[in-house]
Amino acid sequence: MHCDYVDGQLTLDGSALAAIAERYGTPCYVYSRAGIEARFRAYDEAFGARAHRVCYAVKANDNLSIIRALGRLGAGFDIVSGGELERVLATGAPAGNVVFSGVGKTAAEIQRALAAGVGCLNVESAAELARIAAAAAATGRTAAIAIRVNPDIDAGTHPYISTGLKENKFGVPLDEARALYRSARDNPWIEPRGVACHIGSQLTTIAPVVAAVREVVALAGELAAEDIPLAHIDVGGGLGIRYEDEQPPAIRALVEALLREVPAHYEVVMEPGRSIVGECGVLLTRVEYVKSTAARNFVIVDAAMNDLLRPALYDAWHEVLPCTAPAPGAHTLECDVVGPVCESGDWLARGRTLVAAPGDLLAVMSAGAYAFAMASNYNARPRPPEVLVEAGGPRLVRARERVADLMRDELERLSEEEAPK
Ligand code: LLP
């Protein structure tokens, strides 16, 4: 995606963000279809002639138009809930290209996945394997599975998004994985298809992922010797993006490093989310007030933690740019950019130097992943619309929620005694 100033106006792939804000209002998410597709292709092409499936991690951004666009390019999908499965199926993507991850799959979700023909269930515990076997026997369909191994490797990322340490809830230790594969082999309803790992998200170095993949490849080798041949190695997702000054490895460099670890007879499955959509989205927000106190200047905008939770939850840094380039020498403000929600933790950016006045339009950058997807209705705030900039220009791909939508499914019932006379 190309986000730059043209004649003083911030544009995304040639569309002026101010015009999009004018048309669809603020706050508003805007994504670049070209950018998303280019990153998917970068993964796909990095594998060259090696057998592979790039399964986009839907949780990063589950907008149907994005799922559909990636599906058209041949993407598979990594899902973590029945809801994500329905979203993928609604776009017409084949279930066979789906891998189902997650520690808490319900019996109903497993049954639905089997009935739909999901390609592989990534198993996270012995109890889950038993549940899958029971569901498979009940539906009369063999379940293809991979065991998600927890290699106890520090991914060196934020503790909330680190998943490959033994104290994390994810995966099973290597020893237990061996035992689970043996019981899977002996169960006629289970087909051990692969082995999986995913050690964390927003990874900025390659070494921990390579170490994890080395472990699972070794395990697959041992299993083959025990007559449990596996067809694929699922190396997870996790590649980081640039929010501030991070220097994550290039997609190609990561894929090439992983391919060096995986013998060529395995298909490589990969589950990238953030690195496909993260840098390809912005959140547009308008300044409502500038409030100066003895301690701080607050730029109060119309987007809040309910729209973009990452700063409040992870202390995450997102760049904030004015949509109109400030005049040279314009008065700057040392400020915190905060929302209207009634929490002191409701901030989008802190300690910034900005030119900002009421009515100004700001763009919060790198907001394509885990942004709208984590939005809530806290403070009875409807979620923002989503706009996809395509070759033909911007297109609304999700309308702004209305307050009526928030109240629609609520049952307001007073008991007899309380009913108004
Ligand atoms: N595969 C599995 C099993 C995962 O748990 C995840 C992410 C992915 C793939 C995709 O990882 P990615 O390529 O996007 O890093 N909300 C957090 C990120 C949570 C990631 C959860 N798992 C954030 O905003 O930073």
Side-chain angles (χ1 to χ4, degrees), residues 36 39-40 42-43 53-62 66 70 75-81 84 98-105 120-125 128 146-151 155-165 168-172 194-206 208-209 212-213 216 233-244 246 248-249 251 254-255 258 268-281 283 305 307-318 348 364 366-376:
I36 292 168
R39 282 160 180 78
F40 173 78
Y43 272 105
R53 185 169 304 288
V54 180
C55 292
Y56 167 63
V58 172
K59 66 169 86 66
N61 186 325
D62 64 11
I66 291 176
L70 290 171
F77 297 98
D78 167 49
I79 60 161
V80 290
S81 72
E84 288 187 353
V98 171
V99 295
F100 194 168
S101 306
V103 291
K105 302 176 195 75
C120 187
L121 289 125
N122 286 356
V123 178
E124 303 239 9
S125 64
E128 185 194 339
I147 308 284
R148 175 168 173 187
V149 171
N150 181 327
T157 185
H158 190 287
Y160 287 14
I161 53 176
S162 216
T163 53
L165 285 170
N168 299 135
K169 69 180 173 182
F170 298 99
V172 298
V195 58
C197 69
H198 170 81
I199 58 168
S201 197
Q202 184 54 15
L203 311 179
T204 49
T205 54
I206 287 181
V209 202
V213 168
V216 296
I233 309 279
D234 181 340
V235 299
L239 177 61
I241 62 167
R242 198 179 171 106
Y243 289 100
E244 187 176 7
E246 302 89 341
I251 289 171
L254 174 67
V255 171
L258 295 177
V268 178
V269 175
M270 201 156 186
E271 304 170 354
R274 187 193 318 262
S275 51
I276 290 184
V277 288
E279 288 175 358
C280 301
L283 171 61
M305 64 188 289
D307 305 301
L308 179 65
L309 184 60
R310 303 191 71 259
L313 188 58
Y314 312 116
D315 207 7
W317 200 97
H318 285 261
L348 300 178
V364 183
S366 294
Y370 305 110
F372 185 94
M374 294 172 76
S376 78

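Hydrogens, waters and symmetry mates play no part in the numbers below; they use all other heavy atoms, side chains included. Whatever order the structure lists ligands and atoms in, that order sets their numbers, starting from 1.
- Residues satisfying the side chain to side chain contact (heavy atoms under 4.5 Å, CB included) criterion with A57, sequence neighbours excluded, are K59, D78.
- If you look at H158 next to ligand 1, there are no close heavy atoms at all, none under 4.0 Å.
- Considering both main-chain and side-chain atoms, Y370 comes within under 3.5 Å of ligand 1 through a nitrogen or oxygen pair.
- Using a 4.0 Å cut-off between heavy atoms, S201 contacts ligand 1 through both its backbone and its side chain.
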Y56 vs I36, test: side-chain contact (heavy atoms from CB on, under 4.5 Å). Steps then yes/no. CA-CA 11 Å; Y56 167 63; I36 292 168; over 6 Å; no
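- Residue G273 has at least one nitrogen or oxygen atom sitting less than 3.5 Å from a nitrogen or oxygen atom of ligand 1, judged on distance alone.
- Take L313 and apply the side chain to side chain contact (heavy atoms under 4.5 Å, CB included) test, not counting sequence neighbours, and it matches Y160, L309, M374.
- When side chains are defined from C-beta on, L254 counts as touching M270, because their heavy atoms get closer than 4.5 Å.
- One N or O on the side chain of N61 and one on the backbone of G368 form a donor-acceptor pair closer than 3.5 Å.
- Across all their heavy atoms, V364 and L308 have their closest contact at CG1-CD2, 3.7 Å.
- Taking every heavy atom of G237 and a limit of under 4.0 angstrom, the matching atoms of ligand 1 come to 9 (C), 13 (O).
- Ranking the protein heavy atoms by distance from atom 4 (C) of ligand 1 puts K59 NZ, 3.1 Å first.
- Looking only at heavy atoms of the protein, atom 19 (C) of ligand 1 is closest to I161 CG2, 3.7 Å.
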Requested in this report: Before giving the answer on side-chain contact (heavy atoms from CB on, under 4.5 Å), spell out for D234 and E271 the whole-Å C-alpha distance, their side-chain angles and the decisive distance to 0.1 Å.
Outcome: CA-CA 8 Å; D234 181 340; E271 304 170 354; 2.4 Å; yes
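- What sits closest to atom 9 (C) of ligand 1 on the protein, heavy atoms only, is E271 O, 3.2 Å.
- Counting heavy atoms under 4.0 Å from ligand 1, residue R310 touches it through the side chain alone.
- The shortest N or O to N or O distance between P272 and ligand 1 is not below 3.5 Å.
- Judged purely by atom type and a 3.5 angstrom limit, S201 has no side-chain atom pairing as donor or acceptor with the backbone of G237.
- Contact annotation: for F170 versus ligand 1, there are no heavy atoms closer than 4.0 Å.
- Under a 4.0 angstrom heavy-atom cut-off, G238 registers as being in contact with ligand 1.
- In this structure, atom 17 (C) of ligand 1 lies nearest to the protein heavy atom Y314 OH, 3.0 Å.
- For the pair S101 and H198, the minimum side-chain heavy-atom distance is 4.5 Å or more.
- Taking a cut-off of under 4.0 Å to the non-hydrogen atoms of D78, the atoms of ligand 1 that pass are 1 (N), 2 (C), 9 (C).
- Polar contact with ligand 1: present for R274 (N/O pair, distance under 3.5 Å).
- The shortest side-chain heavy-atom distance between Q202 and H158 does not fall under the 4.5 Å cut-off.
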